[in-house]
Amino acid sequence: MTRSIIHIDMDAFFASVEQRDNPAYRNQPVIVGGKKGSRGVVSTASYEARKFGVHSAMSMAEAVRRCPNGIYLPVDMEKYHSVSTEIMAIFKRFTPLVEAVSLDEAFLDVTESRLLFGEATEIARKIKEMIAAEINLTASVGIAGNKFLAKLASEMGKPNGFYEIKDSEIEDKVWPLPIQKMLGVGKKTAQQLLKMRVNTIGALAKSDPLILEKIFGKQGILLYNLANGIDNRPVEATREVKSIGRETTFQEDITDSYYLETVLMALTEDVSRTMRQKHYKGRTIHLKVRYDDFSTISRSVTLTNYTANFEPIFGTVRELFRKHYTKKRPVRLIGMSVSHLSREDEIAEQLQFFVNDNHQQKQDKLDGVLDDLNKRFGAKTITRAREIALCSHHEIFEDSQE
Ligand code: TTP
Ligand code: MG
């Protein structure tokens with residue numbers, strides 16, 4: 001049976017939420033990422049602001065240069081999370097096979113839902129209507145027989161899009177697209193393909209797969225198949241929370257590694273506390289460091305056991321930092337997160353290998369005491385001694401939680 005896949009992506013998500021919640025921002029260039037003059041990057045820009053050339057990941061300074069009269073707003077992750085939960089709940093009315101890719105984007109496999117709700121296009125239309133009526137936002141939907149084409153379709157209709165690519169339409173609708181639109185083709189690969197005169201997806205579809213394999217390895221075959229409309233990747237139902245993390249952009253670049261480690265400590269403290277509050281444990285620990293020239297390293301380690309304790313998480317983050325931080329290079333952003341999350345009650349005890357019970361109990365006790373005190377007297381009443389030095393820099397902890 002041919003599959004029916006829907007890809008949904010909200011339009012200018014963070015900015016649209018802000019415009020929805022404040023009528024004065026509507027039809028205005030809204031840039032979400034921080035106050036004017038802050039040193040972060042743009043998370044997103046409303047379509048009005050995009051006309052000025054402002055886009056995601058651009059430095060705030062550049063955004064202000066391009067759009068000096070824009071409305072600049074801080075990131076309100078908590079709010080976007082809760083809107084995201086509402087959107088995902090609408091999707092789940094139609095199928096349990098909802099794969100959330102990010103807060104504002106998901107794949108739905110509605111193959112089995114058609115009997116109950118009608119054709120995929122009808123389901124997509126209903127979803128768009130529900131998002132408009134219940135959440136007051138616009139989404140772009142793409143409908144196709146696989147993930148690759150569905151995502152392409154939702155992009156092609158943006159904003160407020162509704163676009164279908166039938167298998168028989170690949171030649172007409174997909175092949176004329178420039179090669180840069182291809183999933184998995186970054187700048188480097190695009191350059192190589194352009195050199196080979198492969199300028200469009202159609203040219204890729206018609207090129208020799210053996211040559212592609214020779215140059216790009218397995219990835220070459222994958223690209224060849226995608227270009228020919230073949231993509232068998234299943235839609236895998238995900239949990240809403242993929243990771244819990246925090247990061248911060250400094251007011252001034254920092255080179256002092258002791259200070260950087262102390263910041264990581266405070267971020268980890270926060271993240272591990274959030275995990276315990278939400279009853280999550282995780283296994284993969286990520287470190288992110290952005291240098292003054294915006295080059296960014298992301299490193300991660302997966303632990304044997306799930307944990308929400310400060311000590312093992314911080315120990316891992318610190319190890320990653322010591323291994324990968326290039327000494328003396330100025331850092332503008334540092335962050336950490338934990339992924340591979342599972343609800344505490346779902347983690348079968350027998351899966352916990354090599355746990356030194358005594359040690360584990362001690363950690364739980366210490367974290368528990370700190371959580372209790374902080375709950376009773378307000379967050380940050382008690383912090384580990386080393387963090388006290390950071391109190392005067394408290395304003396740095398304003399950034400995103402994902
Ligand atoms: P996107 O879906 O990539 O972008 P968008 O929804 O703002 O705009 P559109 O889909 O209409 O092109 O990302 C969703 C949200 O994720 C976005 O609103 C803000 C956040 N985000 C970042 O914080 N940094 C980024 O670099 C990107 C691309 C997105
Ligand atoms: Mg979007």
Side-chain angles (χ1 to χ4, degrees), residues 6-21 25 27-35 38-60 62-63 67 70-88 90-91 99-108 124 127-128 131-132 135-142 147 150-163 180-181 183 186-187 240-243 245-249 288 290 294-296 298 332-333 335 337 398-402:
I6 298 177
H7 179 261
I8 303 157
D9 188 300
M10 303 299 291
D11 302 320
F13 184 47
F14 296 1
S16 302
V17 172
E18 300 299 345
Q19 286 179 318
R20 178 194 72 172
D21 293 350
Y25 299 160
N27 306 313
Q28 300 294 322
V30 169
I31 295 107
V32 179
K35 292 190 196 100
S38 68
R39 286 169 36 96
V41 292
V42 173
S43 286
T44 196
S46 70
Y47 278 79
E48 294 84 0
R50 291 182 198 192
K51 288 189 194 136
F52 293 86
V54 180
H55 55 75
S56 296
M58 174 181 276
S59 78
M60 289 295 281
E62 181 59 29
C67 187
I71 297 165
Y72 288 81
L73 301 172
V75 178
D76 186 348
M77 237 354 145
E78 220 163 279
K79 182 151 85 175
Y80 314 139
H81 258 290
S82 92
V83 178
S84 175
T85 310
E86 290 170 9
I87 297 162
M88 299 292 165
I90 291 182
F91 302 160
E99 180 176 331
V101 181
S102 68
L103 283 183
D104 85 323
E105 183 188 344
F107 287 103
L108 278 61
I127 288 175
K128 255 178 87 83
I131 292 176
I135 307 181
N136 199 11
L137 290 174
T138 63
S140 293
V141 298
K147 283 168 118 177
K151 185 170 166 76
L152 213 50
S154 79
E155 267 167 35
M156 286 167 77
K158 253 183 189 307
N160 200 6
F162 184 92
Y163 202 83
Q180 290 88 344
K181 285 270 169 202
L183 175 87
K187 264 193 196 145
E240 274 140 45
V241 183
K242 295 186 116 179
S243 72
R246 290 206 64 182
E247 59 184 47
T248 188
T249 303
K288 178 166 150 189
R290 178 165 294 147
F294 281 87
S295 60
T296 306
S298 302
R332 64 176 284 134
L333 172 152
S337 62
E398 61 181 17
D399 281 356
S400 62
Q401 181 164 324
E402 204 171 290

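No hydrogens, no waters, no symmetry mates; every other heavy atom, side chains included, goes into these values. For ligands, and for the atoms within them, numbers begin at 1 and follow the listed sequence. Given the structure is predicted, the values throughout are model-derived calculations rather than measurements.
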Checklist entry - Taking the Mg ion (ligand 2) as the vertex, what is the angle from OD2 of Asp104 to O of Met10, given to 10 degrees? => result 90°

Next on the checklist: Which atom name does Asp9 have for its N/O/S atom nearest to the Mg ion (ligand 2)?
Outcome noted: OD1

Next on the checklist: Taking 2.8 Å as the cut-off, does Glu105 contribute an N, O or S atom near the Mg ion (ligand 2), distance below it?
Outcome noted: no

Checklist outcome for this item: Residues with a heavy atom under 4.0 Å from ligand 1, by chain and number, are Asp9, Met10, Asp11, Ala12, Phe13, Phe14, Ser43, Thr44, Tyr47, Arg50, Ser56, Asp104, Lys158

Checklist entry - Between His7 and Phe107, how do the two ring planes meet: parallel, tilted or perpendicular, split at 30° and 60°? => result tilted

Item to check | Atom pair OG1/NZ of Thr248 and Lys288 - distance to nearest 0.5 Å | outcome: 11.5 Å

Checklist outcome for this item: dist Ser46:OG -> Tyr25:OH (nearest 0.5 Å) comes out at 12.0 Å

Checklist entry - After noting the C-alpha distance and the side-chain angles of Ser140 and Asp11, does the key distance pass the side-chain hydrogen bond (donor to acceptor under 3.5 Å, both in side chains) rule? => result CA-CA 7 Å; Ser140 293; Asp11 302 320; 2.8 Å; yes

Item to check | Ser154/Asp9 under side-chain hydrogen bond (donor to acceptor under 3.5 Å, both in side chains): CA gap, chis, key distance, verdict | outcome: CA-CA 7 Å; Ser154 79; Asp9 188 300; 5.7 Å; no

Checklist entry - Is Ile131 close to Met10 at the side-chain level, that is, under 4.5 Å between some pair of heavy atoms? => result yes

Checklist outcome for this item: Heavy atoms of Tyr72 and Gly34 approach each other most closely as CB-O, 3.6 Å

